[in-house]
Amino acid sequence: MSAFFEYAFLQRALGAGICIALACAVLGVFLLLRKDAMIGHGLSHIAFAGIALGLLVRQWPMAVALAVSVAAALGIMKLKETAGLHGDTAIAVCSSLGMAVGVILASVSGRFDAALLGYLFGDILAIEPAEVILSVVLAVAVLVLTAAYYNRFMFMTFDRDAARAAGVPVRRLDALITVATALTVVLGMKIVGILLVAAFLVIPAAAGLQTASRFRGAVAVAAVVASISVAGGLLAAYVLDWPASGTIVIVSFLIFGVLFVFRRRT
Amino acid sequence: MVSPAAERNELVRVEGVSLSLGGVPVLSDISLAITEGDFLAILGPNGSGKTTLLRIILGLLKPDRGRIFVFGRPAEEFAERDLIGYVPQKATHFDPLFPASVWEVVAMALRSVRGRMSRAEEDAAIRRALDTVDMSAFRNRRIGRLSGGQQQRVFIARSIVRNPRILFLDEPTAGVDAETQDRFYDLLGGLNIAGNLTIVLVTHDIGIVNKHITKVACLNQRLVFHGTHDQFCTSGALKEMLAGGHHLVSHRH
């Protein structure tokens, strides 16, 4: 067991994993209440087109993926407003388009290879020190953003019309949440992989929402569940010799299951 | 630009407002004024444009034609949002699993706009608002666990916590039983008189015309009537609405 803490790659996985998980969990509480649970999956599909485009033009695939994902996230927001589509429909339309464009671009560039998959699926056990720093920066940015706009995010999520009438700039803040989610998905995808990012955006937040009777409590529970999932999942993967990403998701689901059974009925 | 009418303590002036949605006229040439101290009921059948008018006054919709002045300023320039309280039509249609306590629901409105209050002053304002609607005992209760009438009282607390001078309510008693409605209107009447709060209430229920209402506006795409409660009770507008199957229960004494 003590060897677990001696491996530098495991320490990096733990540090970066918890940071990405915290960022996702906090954003996830807002996303779930806004009925945008599938945005993590959707944006990761769109990022696929961005990575493929970057590989085609041989210019920073991650930067291109970030730009494409942020633009697509804002496009999804606009589509919901102007086309009157439900959030999940707008996400499904854009993510399908992203996958289609990605497949075509990857095929045209002849880069349907391990490099492409490496960008998309990451590997929590292969994290570089620089990526740990990036994870810390991302987590701090998301936590600071949430703390700064906590009441406004909560008000517009709870009652959009009343928030607008009270002077809350809901469209600007919508864009802020959307861009923060796109950044978290793309950076998190490269660092810990699509599977973990999509799971981190939904499962801890779902655990928090069904457990807490106060908003602050839901965010706190989500953050704790996310952190325990990373630590417990890595440890279980080490002991059982299972794939780390899958094990972390299983642990977070088990915690979600336990909380579901024993949830407070306030 | 300041409307000359602002000097006469007019809080809201609507001038020649028209709006069509999808090519269908919703409001045609509406003009009315709301004066400080009014308890105005905007009446009309479903689909008459009441909610649309309210949303235009609040700046949530833009009219095709016409002008709105709020506290003497054109609505599009009006930024002092703490002067306005608003309880939307679907306030009680929120996600019942939303994890917000009664305290958080009131606090979110106060703390959403950067103010000059300290944390202690904010807490005191939230306590006062909850005391006013007699919901302090429920401060830690999840909002989704309250009855419809209790939720509406919390939403009133949320809308008055910033000490507005005018309060807009859109169909506030929909789905609430008659006894609770009476208590609710007594609460609003108290806020109107004792709290010197101007109240604008939108409803399709003519039974709201009770002892607390001072003015009535009847809307059916056009403004059919706009005057005092007593004028309304003897006007053709009342007969027209009664002929339309509406029922008036006047509790005015």
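Chain letters run A, B, ... following the sequence lines, proteins first, then strands; residues in each count from 1. None of the values given here were measured: they were computed from a predicted structure.
- Here the side chains of A:F215 and B:M108 are not in contact, with every heavy-atom distance at 4.5 Å or above.
- In this structure, B:R81 contributes its side chain and A:A165 its backbone to a donor-acceptor pair below 3.5 Å.
- The 12-atom threshold is not exceeded at CZ of A:F253, counting heavy atoms of other residues, nucleotides or ligands nearer than 6.0 Å.
- Within the model, atoms CZ of A:R216 and CD of B:E104 stand 7.0 Å from one another, a figure rounded to the nearest 0.5 Å.
- Atom CG of B:L97 and atom CG of A:L32 lie 11.5 Å apart (nearest 0.5 Å).
- Atom OG of residue B:S112 and atom CE of residue A:M154 lie 7.5 Å apart, to the nearest 0.5 angstrom.
- Counting non-hydrogen atoms of other residues, nucleotides and ligands closer than 6.0 Å to CD of B:E76 gives a total above 12.
- Proximity of a side-chain donor or acceptor of A:R164 to a complementary backbone N or O of B:L60 within less than 3.5 Å is detected.
- Annotation: side chain of B:R158 is in contact with side chain of A:F155 (closest heavy-atom distance under 4.5 Å).
- The aromatic rings of A:F158 and B:F155 lie tilted to each other, with the angle between the two planes from 30° to 60°.
- Atoms CZ and CG, from B:F98 and A:D159 in turn, are 9.5 Å apart once rounded to the nearest 0.5 Å.
- You'll find the side chain of A:L33 reaches within 4.5 Å of the side chain of B:P99, heavy atoms only.
- Residue A:F153: no heavy atom, backbone or side chain, is found under 4.5 Å from chain B.
- For B:V87, no part lies near chain A; criterion is any non-hydrogen pair under 4.5 Å.
- For the pair A:D161/B:R55, a side-chain contact is recorded, criterion being any heavy-atom separation below 4.5 Å from C-beta on.
- Using a 4.5 Å heavy-atom threshold, the side chains of A:K35 and B:D95 count as touching.
- By number of non-hydrogen pairs under 4.5 angstrom with chain B, the leading residue of A:A218, A:A163, A:A166 is A:A166.
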Pair B:N140-A:R214, side-chain contact (heavy atoms from CB on, under 4.5 Å): steps then yes or no
CA-CA 8 Å; B:N140 292 321; A:R214 299 177 69 119; 3.2 Å; yes
